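These notes concern the structure reproduced below.
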Amino acid sequence: MSMQPLFNPGFTEVRTRFAPSPTGFLHVGGARSALFNFLFAQKNNGKFILRIEDTDQARSTDESLKMMVSDMTWLGLNWNEGVDPVTLKDIGPYAPYRQSQRLDIYKKVADELLANGKAFYCFMTDAEIDAEREKIKVINQNAHVESPFADWTLAQAEAEMKTSGKKPVVRFKTKHLRKDYILHDLIRGEVKFPSDMVGDFVLLRSDGMPVYNFCCVVDDHMMKISHVLRAEEHLPNTLRQLMIYEAMNWAQPQFGHISLVLDEDRQKLSKRKGAVACDNFRLEGYLPSAMNNFMALMGWSHPEGKEIFDLDEMTQLFSLERLNSSGAVFDRVKLKWTNAQHLRALDDKTLWSMIKTHLDEKGIHYHSDVSWQQKSVEAFKVKMEVLSDAVTLYTNLDDSKFKISDDSKEALSWEPTKKVLAVWKNLIEKHSTESFTEADFINMENTVKAEAQVKGKNLFMPLRIAVIGQPHGTEVKLLVPLMTKKSLLHRVNLVENYILGNIHA
RNA sequence: GUUCCCAUCGUCUAGCGGCCUAGGACACCUCCCUUUCACGGAGGAUACACGAGUUCAAAUCUCGUUGGGAACGCCA
């Protein structure tokens, strides 16, 4: 049995990176790529780098960069080098890690390619390119626009710049590369690209800003990235990148192209069909552990088929061999279930502190008493799938928000209901303390049963409505200990009035 | 259109030539638990896109067809 080397010649340790462009929120698809890079680096005692691809000056914002950083931190995908999560300063041996601050580096590489004839200055205007494109399209769909400047000497181009003042782009010369490029993809196996798949692509824009395919290669090389795990949409880019590696005579990292995350209609996940920003999920009360768990399961599988696990377990078990190559539909229903499982695995104290955050945010009232909080968590734990579900659950405990639901009407119209409520109210009034225990409630319930001569749902539904205003939901014996005598009286009075109002209406 | 990628239950997937009359999970249905709704438990229904090869043997390998997706920018 022969061991496959972990990385290509020229690399000494596993170094992966996630390189978002700060032009919006962190997308779950991106987060999943980040996760796999993080896991692979962790698993192999390597380094995980956060690089910022902000060469699109028009769209990159600081706001977005902060969001990316905080979302990554929230998920627990901690990086070893890159933008510091607190100070936002670049830290690590290969700083700076944002491309807008590495311009001189790209320029130097471009100059080298220019000098040895692997790239050229192109003075074509947008209009000229468009016109040319139209022209050749008629003859051959497959053809690429050919720049008349491809064969100019460097001196010629420099003279032209000087005299005309024109600002050219730098293009990579592909014409002479008539051959197939073979990529040994970690996930897809052998992928063959014909070199005529691409034309002379831009390296440097006319304003000197580098273009993605160029700075990506330069940075991956300079930062000694050993493994590039990225979404499948980048697969066609890889040809351009392979060409640059070859032209610079640089050692290639290993590439792995992960399948796409799709919408229900099997297209690339987009925000038009629901939330896709990590931040939205955080706000709705999804746990980072559940997010990671769920994202991992789109494309990766636990060796024992387990469905619920945390980041540590993933890190222990992660391997590229268990990554599959077909796209995965983002199933929000299963995400919710996954979250519920993680929620229930939490101890009551931790869960309470998370619930509290959501209640505070909405200004929902709760008791400061720790045992009350504990009891409330016990009562509501299995009723929640996401933390924000707590908002409704605890609002139901607020007297000022008490409301009788529409589906209560039927039970309130039953003949024995009036009697049940009367006995119930009487028992509350007679109760000697302000609060009730579970045992108190069970006694009271039995008394109502005997005195009102009712049982089954004729007993239970009216009682629940008198407590919570709804015929279904949390066990009444768990609800009553969360309430006061005053509160229960207030509620039963409202329900009685409601029935009276209905009768006379 | 061109190039590339992909193809197992509705969805996420296991499977890497015989263990597969295809396993698990979500969702769905039935029952149990439960004086409600849930949670939990036990069952059920549902899939190897199609066609040729290779082989004693194919969900697994090869080719083709079909279907889906992505990329074709001075976006990343």
Side-chain angles (χ1 to χ4, degrees), chain A residues 19-23 30 53-56 58-60 99 122 124-126 129 133 137 140-144 167-171 183 185 187-189 191-194 196-199 201-213 215-216 230-240 257 259-260 262 264-268 294 297-308 321-322 324-338 340-341 344 380-385 407 411 445 449 454-461 463-465 470-476:
Chain A
S21 67
T23 54
E53 309 219 328
D54 55 353
T55 55
D56 185 348
R59 297 197 302 145
S60 298
Q99 296 183 327
C122 174
M124 284 179 93
T125 63
D126 284 349
I129 292 170
R133 196 166 278 147
K137 229 162 123 181
N140 180 1
Q141 276 282 356
N142 201 14
H144 304 284
K167 292 205 184 292
V169 299
V170 176
R171 287 184 184 274
L183 171 70
D185 192 275
I187 298 164
R188 269 148 233 283
V191 181
K192 202 197 279 180
F193 302 106
D196 60 1
M197 203 171 132
V198 295
F201 55 94
V202 172
L203 259 22
L204 252 34
R205 299 169 165 102
S206 50
D207 63 1
M209 271 289 170
V211 152
Y212 168 74
N213 282 301
C215 39
C216 179
R230 54 161 49 149
E232 189 197 328
E233 57 192 318
H234 290 286
L235 193 50
N237 282 323
T238 309
L239 171 60
R240 295 184 177 87
H257 287 91
S259 60
L260 255 22
L262 312 170
E264 286 86 341
D265 59 4
R266 303 207 74 89
Q267 309 226 323
K268 206 163 75 163
F294 178 74
L297 252 15
M298 289 187 292
W300 184 77
S301 60
H302 189 288
E304 288 155 33
K306 271 177 77 175
E307 300 281 339
I308 301 298
E321 290 73 51
R322 298 199 67 80
N324 74 13
S325 47
S326 49
V329 172
F330 189 77
D331 182 351
R332 287 155 204 284
V333 176
K334 187 159 184 180
L335 203 215
K336 228 172 202 183
W337 174 83
T338 305
Q341 301 305 308
R344 278 159 211 162
F380 295 144
K381 198 170 194 169
V382 295
K383 298 285 172 185
M384 291 188 292
E385 292 188 297
D407 56 349
E445 177 202 350
K449 188 177 179 176
V454 289
K455 56 180 182 177
K457 68 176 184 179
N458 284 335
L459 170 66
F460 243 77
M461 283 201 175
L463 278 181
R464 177 173 288 102
I465 294 164
Q470 295 162 13
H472 305 294
T474 314
E475 281 189 81
V476 185

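A, B, ... follow the sequence lines: proteins, then strands. Residue 1 opens every chain. Here the structure is a predicted model, which means the values were calculated and not measured.
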Distance check needed: [N] [atom2] versus [X] [atom1], whole Å only.
{"X": "A:F294", "N": "B:U11", "atom1": "CZ", "atom2": "P", "answer": "14 Å"}
{"X": "A:D265", "N": "B:U11", "atom1": "CG", "atom2": "P", "answer": "13 Å"}
{"X": "A:H302", "N": "B:C26", "atom1": "NE2", "atom2": "P", "answer": "16 Å"}
{"X": "A:E304", "N": "B:G23", "atom1": "CD", "atom2": "P", "answer": "20 Å"}
{"X": "A:F193", "N": "B:U3", "atom1": "CZ", "atom2": "P", "answer": "14 Å"}
{"X": "A:K455", "N": "B:U34", "atom1": "NZ", "atom2": "P", "answer": "16 Å"}
{"X": "A:M197", "N": "B:G1", "atom1": "CE", "atom2": "P", "answer": "17 Å"}
{"X": "A:Q99", "N": "B:C75", "atom1": "CD", "atom2": "C1'", "answer": "12 Å"}

**Prompt:** Could one point to a donor on the side chain of A:E307 or the base of B:G24 with an acceptor on the other under 3.5 Å away?
**Reply:**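 Per atom types, the contact qualifies.
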**Side chain A:K334 and base B:U13 donor-acceptor under 3.5 Å** =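 Side chain to base: no pair present.
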It should be established whether [X] places a side-chain nitrogen or oxygen under 4.0 Å from OP1 or OP2 of nucleotide [N].
{"X": "A:R322", "N": "B:G15", "value": "yes"}
{"X": "A:S301", "N": "B:A14", "value": "yes"}
{"X": "A:S325", "N": "B:C5", "value": "no"}
{"X": "A:R240", "N": "B:A71", "value": "no"}
{"X": "A:N324", "N": "B:C12", "value": "no"}
{"X": "A:R344", "N": "B:A38", "value": "no"}
{"X": "A:K192", "N": "B:U3", "value": "no"}
{"X": "A:R464", "N": "B:U35", "value": "no"}

Return the nucleotide paired to [N]: Watson-Crick means purine N1 to pyrimidine N3 with N6-O4 or O6-N4, wobble means G-U with N1-O2 and O6-N3, both under 3.5 Å.
{"N": "B:C28", "answer": "B:G44"}
{"N": "B:G64", "answer": "B:C50"}
{"N": "B:U55", "answer": "none"}
{"N": "B:G17", "answer": "none"}
{"N": "B:U36", "answer": "none"}
{"N": "B:U3", "answer": "B:A70"}

[X] has a side chain; which of [options] sits nearest to it?
{"X": "A:V329", "options": "B:C74, B:G69, B:U11", "answer": "B:U11"}
{"X": "A:V382", "options": "B:C75, B:A38, B:C5", "answer": "B:A38"}
{"X": "A:M461", "options": "B:U13, B:C74, B:U36", "answer": "B:U36"}
{"X": "A:K383", "options": "B:A38, B:C12, B:A76", "answer": "B:A38"}
{"X": "A:V333", "options": "B:A76, B:A70, B:A27", "answer": "B:A27"}
{"X": "A:E232", "options": "B:A76, B:C37, B:G69", "answer": "B:G69"}
{"X": "A:R205", "options": "B:C6, B:A76, B:U13", "answer": "B:A76"}
{"X": "A:W337", "options": "B:A38, B:A25, B:A76", "answer": "B:A25"}

Contact class for [X] vs. all strands (heavy atom < 4.0 Å): base, sugar-phosphate, or nothing?
{"X": "A:K167", "answer": "nothing"}
{"X": "A:T23", "answer": "nothing"}
{"X": "A:V191", "answer": "sugar-phosphate"}
{"X": "A:E475", "answer": "base"}
{"X": "A:N237", "answer": "base"}
{"X": "A:R230", "answer": "nothing"}
{"X": "A:L239", "answer": "nothing"}
{"X": "A:M384", "answer": "nothing"}
{"X": "A:G199", "answer": "nothing"}
{"X": "A:H234", "answer": "base"}
{"X": "A:K268", "answer": "sugar-phosphate"}

Say we look at [N] and [M]: how far apart would their [atom1] atoms be, to the nearest angstrom?
{"N": "B:U30", "M": "B:C39", "atom1": "P", "value": "14 Å"}
{"N": "B:C63", "M": "B:U55", "atom1": "C1'", "value": "16 Å"}
{"N": "B:A14", "M": "B:C9", "atom1": "C1'", "value": "13 Å"}
{"N": "B:C16", "M": "B:U60", "atom1": "P", "value": "13 Å"}
{"N": "B:A57", "M": "B:A38", "atom1": "C1'", "value": "50 Å"}
{"N": "B:U62", "M": "B:G17", "atom1": "C1'", "value": "14 Å"}
{"N": "B:U66", "M": "B:A25", "atom1": "P", "value": "38 Å"}
{"N": "B:A27", "M": "B:A76", "atom1": "C1'", "value": "36 Å"}

**Message:** In terms of relative ring orientation, are A:H234 and A:Y212 parallel, tilted or perpendicular, with 30° and 60° separating the classes?
**Reply:**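 The arrangement is tilted - the two ring planes meet at 30° to 60°.
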For the student: nearest non-hydrogen atoms of [X] and [Y], plus distance:
{"X": "A:P210", "Y": "A:R205", "result": "O-NH1, 2.8 Å"}
{"X": "A:E475", "Y": "A:R464", "result": "CA-NH2, 4.2 Å"}
{"X": "A:M298", "Y": "A:V329", "result": "SD-O, 4.1 Å"}

**Request:** Calculate, to the nearest 0.5 Å, the distance between atoms CD and OG1 belonging to A:E385 and A:T338 respectively.
**Result:**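 If we round to the nearest 0.5 Å, A:E385:CD and A:T338:OG1 are 10.5 Å apart.
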**Item:** A:K268 NZ to A:F330 CZ distance, which is reported to the nearest 0.5 Å
**Value:**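 The distance works out to 15.5 Å.
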**Item:** Position toward the 5' end of RNA chain B (nearest nucleotide), A:P20 or A:G456
**Value:**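 Taking each residue's closest nucleotide, the earlier one in sequence belongs to A:G456.
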**Message:** Can you work out whether A:C122 or A:E233 has the more 5'-proximal nearest nucleotide on RNA chain B?
**Reply:**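 The 5'-side residue here is A:E233.
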**Request:** State the syn/anti category of B:C28 according to its glycosidic angle, syn meaning within 90° of 0.
**Result:**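 The base of B:C28 is oriented anti (glycosidic angle more than 90° from 0).
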**Message:** In this structure, is the centre-to-centre distance between the rings of A:H144 and A:F201 below 6.0 Å?
**Reply:**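 No; A:H144 has its ring centre 6.0 Å or more from that of A:F201.
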**Item:** Any side-chain heavy-atom pair of A:P236 and A:M197 under 4.5 Å
**Value:**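 Heavy-atom side-chain distance check passes, below 4.5 Å.
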**Asked** Less than 4.5 Å apart, any side-chain heavy atom of A:D407 and any of A:H472?
**Response**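 Counting from C-beta outward, A:D407 and A:H472 do come under 4.5 Å.
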**Message:** Tell me whether the count of non-hydrogen atoms from other residues, nucleotides or ligands lying under 6.0 Å of NZ in A:K455 goes above 12.
**Reply:**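 Incorrect, the count does not exceed 12.
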